[in-house]
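Hydrogens, waters and symmetry mates play no part in the numbers below; they use all other heavy atoms, side chains included. Just so it is clear, the model here is predicted, and its values are computed rather than measured. For the single chain, residues carry numbers from 1 onward in sequence order.
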Amino acid sequence: ELSKVKEFAFAKPQGAFYLMLDVSKTGLDGDEFTKHAMASAGVVVCPGSGFGPAGKNYVRICYASTPDKLREGCRRLKMAAENLP
């Protein structure tokens, strides 16, 4: 679902339980997008800046959850990308 959102880019995970999502095409950095996603769509992601300077334009998504919750989270992230400030 996230690959359908033009503002998002990511590499397919190779066995991890998390995804680093590049949000730079939104015009926000990871810290800003994290706040925006929570405020506008009620979804929580972790800013990539917490993992070092290279993570500035990323958010980290943990997908150790149920398929239904993951679909809902993706729906909300898409909503956040569509409703940018």
Side-chain angles (χ1 to χ4, degrees):
E1 288 302 308
L2 294 176
S3 65
K4 297 175 186 174
V5 181
K6 66 180 177 163
E7 294 86 1
F8 296 155
F10 59 91
K12 186 176 179 182
Q14 300 294 313
F17 58 88
Y18 63 89
L19 172 84
M20 294 299 284
L21 184 67
D22 182 345
V23 296
S24 59
K25 291 181 185 175
T26 66
L28 305 176
D29 65 21
D31 292 336
E32 295 164 331
F33 187 83
T34 297
K35 293 174 189 171
H36 169 68
M38 180 61 190
S40 70
V43 65
V44 177
V45 292
C46 182
S49 61
F51 301 94
K56 178 182 178 183
N57 291 316
Y58 291 82
V59 296
R60 184 178 181 199
I61 301 169
C62 177
Y63 55 84
S65 189
T66 66
D68 287 341
K69 286 183 180 180
L70 292 173
R71 277 189 286 276
E72 179 63 15
C74 289
R75 184 188 72 75
R76 290 179 184 216
L77 284 170
K78 180 178 185 239
M79 184 186 341
E82 292 172 344
N83 296 302
L84 293 166

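Hydrophobic clustering of Ile, Leu, Val, Met, Phe, Trp and Tyr side chains at less than 4.5 Å, counting indirect connections, keeps Met38 apart from Phe8. By the rule that hydrophobic residues join a cluster once side-chain heavy atoms approach within less than 4.5 Å of another member, Tyr18 and Val44 end up as members of separate clusters. Transitive grouping of hydrophobic side chains (ILVMFWY, heavy atoms separated by less than 4.5 Å) brings Val59 and Tyr63 into a common cluster. Under the 4.5 Å side-chain heavy-atom criterion for grouping Ile, Leu, Val, Met, Phe, Trp and Tyr, Met20 is not connected to Leu28 through any hydrophobic cluster.
Scanning both residues, Gly73 and Val43, for their nearest heavy atoms gives O-CG2, 4.1 Å. Here the closest heavy-atom approach between residue Ala37 and residue Leu77 is recorded as CB-CD2, 4.4 Å. When every heavy atom of Cys62 is checked against every heavy atom of Leu70, the shortest pair comes out as O-CD2, 4.4 Å. The shortest heavy-atom contact between Thr34 and Cys46 is OG1-C, 4.0 Å. Minimum interatomic distance between Glu32 and Gly27 (heavy atoms only, all atoms of both residues): OE1-O, 4.3 Å.
Listed by chain and number, the residues in a side chain to side chain contact (heavy atoms under 4.5 Å, CB included) with Ser49 are Asp31, Pro47 (sequence neighbours excluded). Under the side chain to side chain contact (heavy atoms under 4.5 Å, CB included) criterion, Asn57 pairs with Asp22, Ser24, Asp29, sequence neighbours left out. The salt bridge (Lys or Arg N to Asp or Glu O under 4.0 Å) test applied to Lys4 returns Glu1, not counting sequence neighbours. By the side chain to side chain contact (heavy atoms under 4.5 Å, CB included) test, Ser3 pairs with Phe10, sequence neighbours left out. Partners of Asn83 according to the side chain to side chain contact (heavy atoms under 4.5 Å, CB included) rule, which considers only residues two or more places apart in sequence or in another chain, are Met79.
Residues Val5 and Cys74 form no side-chain contact, since every pair of their non-hydrogen atoms from C-beta on lies 4.5 Å or further apart. Two residues are said to be in side-chain contact when any heavy atoms from C-beta on lie closer than 4.5 Å; Val45 and Val23 fail this criterion.
Residues in residues 67-85 take part in these salt bridge (Lys or Arg N to Asp or Glu O under 4.0 Å) pairs, two or more places apart or across chains: Asp68-Arg71, Glu72-Arg75, Glu72-Arg76, Lys78-Glu82.
Taken to the nearest 0.5 Å, the OG atom of Ser40 stands 7.0 Å off from the CZ atom of Phe33.
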